[in-house]
There are 2 protein chains.
Amino acid sequence: MATIRDVAKEAGVSVATVSRVINGSGYAHEDTRKAVIAAVEKLQYKPNEVARSLYKRKSKLVGLILPDITNPFFPEMARGIEDYLQREGYRLIFGNSDENRKKEREYLDTFLQNNVVGLIISTNEQDHTIFDNLTIPAVLLDRTAGHLPAVYSDQQQGGRLAAEILLARGAKEITIIRGPVEIKTVYERYLSAVSVLEDTDVKVHILDSALSYQGARKCAKEVFVKYPDTDGIIACNDIVAATILQEALAMGKRVPEDIQVIGYDNVSFTALLHPALSTIQQPAYEMGTKAAEILIKKINQEKLEEIHTVFPVSFIERGTTREVE
Amino acid sequence: MATIRDVAKEAGVSVATVSRVINGSGYAHEDTRKAVIAAVEKLQYKPNEVARSLYKRKSKLVGLILPDITNPFFPEMARGIEDYLQREGYRLIFGNSDENRKKEREYLDTFLQNNVVGLIISTNEQDHTIFDNLTIPAVLLDRTAGHLPAVYSDQQQGGRLAAEILLARGAKEITIIRGPVEIKTVYERYLSAVSVLEDTDVKVHILDSALSYQGARKCAKEVFVKYPDTDGIIACNDIVAATILQEALAMGKRVPEDIQVIGYDNVSFTALLHPALSTIQQPAYEMGTKAAEILIKKINQEKLEEIHTVFPVSFIERGTTREVE
DNA sequence: GTGAAAGCGCTAACAG
DNA sequence: CTGTTAGCGCTTTCAC
């Protein structure tokens with residue numbers, strides 16, 4: 001790898017001059033500039049980012065911590081982030097936390113050791129003690145937080161929407177699948193759905209489930225033995241919804257005639273189900289993009305209008321609800 | 001952030017000594033060692049990886065380039081890689097290439113500028129000119145390549161398996177969905193399936209499709225207008241398979257009675273379909289893990305037994321094929 | 001056993 | 001307009 005010295009020698013100038021023309025800082029005579037450019041070309045010189053980072057105490061790296069890239073909701077977000085950052089010349093250094101505080105801490109530490117300039121993280125860490133001493137900008141993604149910038153979608157609206165739609169579509173005995181209560185966003189939509197339903201005369205059941213494929217299976221098995229007559233499901237995410245849908249179909253129930261189900265997220269495979277899953281869409285990609293945008297702004301010391309950016313959510317009606325006209 | 005100087009001062013020793021005890025290199029009196037450890041603890045000292053990287057000309061970063069993390073096949077692999085690397089103390093710096101040479105090049109360059117010690121990449125770049133001048137170890141993932149270490153699964157076996165199974169299950173008019181021919185792995189399984197079928201008297205159709213959700217839709221619409229009597233589908237991946245399955249169901253075809261379909265990959269949502277998708281499984285997570293393991297070995301200058309690691313593939317029978325006993 | 005000092009590749013004063 | 005130099009935080013000879 002050619003260094004700046006090589007370029008300087010090749011161009012017959014000093015390293016300072018090379019640095020100047022490369023960074024467009026300070027003056028440089030047109031001729032020297034050209035000579036430098038030529039040398040850079042010739043030697044295929046690429047500045048060593050590590051050296052830069054060491055001196056400037058800031059890199060072109062941003063850290064991303066997600067619970068689990070294997071959960072189909074996150075890749076979409078990650079892609080949004082990556083696309084935006086890539087355009088801005090930043091690179092992503094990435095880790096899966098499994099919602100585990102220790103791993104989060106570990107990643108955060110090593111990211112910091114690598115001079116990341118910013119952090120995007122999806123976490124439930126409630127006492128944000130981790131972030132309080134943080135010297136770099138951070139933005140929370142898909143999670144609510146206190147004083148930190150955050151981007152998430154309107155959980156209340158989502159929960160309400162799901163409940164109202166099932167109501168409007170004539171469900172009489174609704175089962176709400178509640179996700180892990182530690183995940184604030186998931187809990188909020190649950191609360192919101194409940195609050196809509198409790199003022200009505202429909203029967204309401206609550207069942208818990210994890211967000212994973214495995215957890216969903218367990219829940220799906222359980223729901224129909226516990227509530228065989230339930231005719232409406234509000235699931236905490238699409239995986240759970242899809243699993244319940246499958247189970248219902250396997251039992252010979254007609255969907256949406258006998259039972260309606262609404263998912264959450266609008267993960268891409270939901271459109272591939274048969275019947276395709278009706279669900280509450282979170283604009284995951286845009287959320288990722290926005291988080292990246294906000295982070296860059298903070299890195300550039302630009303003022304933020306709002307600390308929290310909340311995206312509206314929308315109902316995607318497909319085949320698991322009884323469309324009304 | 002505390003630096004090594006701060007620690008040295010706190011412990012009343014020189015930076016050299018601190019460095020020695022931290023790295024376990026060279027001697028250190030038990031007492032000084034303890035003093036240093038105490039100072040490290042007290043100051044919460046974490047070595048600056050950037051400075052280390054600059055001096056040693058190698059970091060704890062490995063680059064990962066994948067076509068698109070949004071494609072459900074890749075997160076599984078990525079997770080395998082990340083889990084392994086994380087345990088070994090390495091961090092991942094990541095980019096989506098969209099199979100685009102220019103982006104690959106760009107990522108590779110910036111990764112190199114950041115002193116990555118290794119590279120894992122899923123690419124079709126045929127003339128591996130990019131890699132020839134590479135000074136760091138690299139391993140190809142899910143892609144065949146020449147002289148470079150690579151891990152992938154047995155495409156020939158996969159294609160053959162799919163064809164044989166449809167044959168054994170009595171399909172008479174099989175449509176093979178061929179993915180992009182530029183993707184060597186995908187093309188190979190296609191070839192293999194064809195070669196099994198051409199020696200038989202079943203009718204065979206070929207149809208092209210992209211690997212994406214969008215491309216799959218287009219193909220799924222097309223297949224039944226072109227070949228309304230096809231009774232067996234060998235798809236190039238699970239997304240295409242699931243989309244065709246859905247389309248078939250929507251047309252009132254019975255699955256697997258009227259038409260059987262076999263996917264490829266065994267992506268997680270396939271188990272959620274109804275009927276659940278029969279498919280050829282690639283051990284994505286393990287492939288990721290293995291790629292990481294090989295990379296680490298190369299980084300540590302250990303000798304590799306084999307350049308290419310090929311994983312066997314297996315048929316996961318679910319509801320879209322007619323099980324025989 | 002331990003410290004002084006050089007140097008990894010770069011940028012930013014500061015002189016000239 | 002351009003060059004010299006110090007120094008970012010660390011590791012590693014090389015003396016002592």
Side-chain angles (χ1 to χ4, degrees), chain A residues 1-37 39-40 43-61 89 109-117 135-136, chain B residues 1-37 39-40 43-61 89 109-117 135-136:
Chain A
M1 266 287 199
T3 78
I4 198 171
R5 306 182 85 92
D6 301 323
V7 177
K9 195 175 302 173
E10 176 72 28
V13 297
S14 74
V15 294
T17 302
V18 176
S19 178
R20 277 192 215 98
V21 348
I22 284 171
N23 296 291
S25 57
Y27 301 90
H29 189 83
E30 190 50 30
D31 293 348
T32 34
R33 146 172 264 94
K34 272 185 184 147
V36 170
I37 301 289
V40 166
L43 302 180
Q44 290 271 36
Y45 171 70
K46 309 260 189 310
N48 181 326
E49 282 297 331
V50 176
R52 274 188 172 166
S53 173
L54 179 59
Y55 183 85
K56 307 182 48 167
R57 285 111 162 282
K58 52 169 55 178
S59 68
K60 281 295 202 175
L61 260 26
D109 284 343
T110 52
F111 289 179
L112 255 17
Q113 292 180 59
N114 281 286
N115 265 3
V116 296
V117 269
T135 50
I136 56 165
Chain B
M1 267 285 200
T3 77
I4 198 172
R5 306 183 84 91
D6 300 325
V7 177
K9 196 174 301 172
E10 176 72 28
V13 297
S14 75
V15 295
T17 301
V18 176
S19 177
R20 277 191 213 98
V21 348
I22 283 171
N23 296 292
S25 57
Y27 301 90
H29 189 82
E30 192 50 31
D31 294 347
T32 36
R33 148 172 263 93
K34 274 187 183 144
V36 170
I37 301 289
V40 166
L43 300 180
Q44 289 271 35
Y45 171 70
K46 309 258 188 312
N48 180 326
E49 282 298 332
V50 176
R52 275 188 171 166
S53 173
L54 179 59
Y55 183 85
K56 308 181 51 166
R57 282 111 161 276
K58 52 170 54 178
S59 67
K60 281 295 202 175
L61 260 25
D109 284 343
T110 52
F111 289 179
L112 255 17
Q113 292 181 59
N114 281 285
N115 266 3
V116 296
V117 270
T135 50
I136 56 165

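Per chain, numbering begins at 1; letters A, B, ... match sequence-line order.
Phosphate contact (OP1/OP2 of dC8(D), side-chain N/O of S53(A), threshold under 4.0 Å): absent. Of the side-chain N and O atoms in R57(A), one or more sit less than 4.0 angstrom from OP1 or OP2 of dG9(D). Taking 4.0 angstrom as the limit, T32(B) places a side-chain polar atom (N or O) nearer than this to OP1 or OP2 of dT2(C). Here Y45(A) reaches the OP1 or OP2 of dC10(C): one of its side-chain N or O atoms lies under 4.0 Å away. The phosphate of dT11(C) (OP1 or OP2) has a side-chain N or O of N23(A) nearer than 4.0 angstrom.
In this structure, CE of M1(A) is placed 12 Å from C1' of dG9(C), rounded to the nearest angstrom. Rounded to whole angstrom, the span from the CZ atom of R20(A) across to the C1' atom of dG3(D) amounts to 7 Å. If you take CZ of R52(A) and C1' of dA12(C), they are 13 Å apart, rounded to a whole angstrom. A straight line from CD1 of I22(A) to C1' of dC10(C) spans 10 Å, rounded to a whole angstrom. Taking atom CD1 of residue I4(A) and atom C1' of nucleotide dG3(D), one finds them 13 Å apart after rounding to whole Å. Atom NZ of K34(B) and atom P of dG1(C) are 15 Å apart (whole Å). At whole-Å resolution of the value, CZ in R5(A) and P in dT4(D) are 11 Å apart. What separates NZ of K60(A) from P of dC10(C) is a distance of 16 Å, to the nearest Å.
With the nearest nucleotide of DNA chain D identified for both V13(A) and L54(B), V13(A) has the one nearer the 5' end. Place K56(B) and Y27(B) on DNA chain C by their nearest nucleotides, and Y27(B) ends up nearer the 5' end. Nearest-nucleotide mapping onto DNA chain C: of T17(B) and T3(A), the residue sitting toward the 5' end is T17(B).
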Checklist entry - When you look at L61(A) and V116(A), which way does the side chain to side chain contact (heavy atoms under 4.5 Å, CB included) test go after all the steps? => result CA-CA 5 Å; L61(A) 260 26; V116(A) 296; 4.1 Å; yes
Checklist entry - Going through the checks in order, is the side chain to side chain contact (heavy atoms under 4.5 Å, CB included) test met by V15(A) and T3(A)? => result CA-CA 10 Å; V15(A) 294; T3(A) 78; over 6 Å; no
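Between K60(A) and T110(B) there is no side-chain heavy-atom pair separated by less than 4.5 Å. Put simply, the side chain of T135(A) does not reach to within 4.5 Å of the side chain of L112(A), judged on heavy atoms.
Atoms NZ and OG, on K9(A) and S14(A) in that order, are 13.5 Å from each other to the nearest 0.5 Å.
Side-chain proximity of S14(B) to the nucleotides dT2(D), dG9(D), dA4(C) is greatest for dA4(C).
Among the protein residues, A16(A) comes within range of the nucleic acid bases, having at least one heavy atom under 4.0 Å from a base atom.
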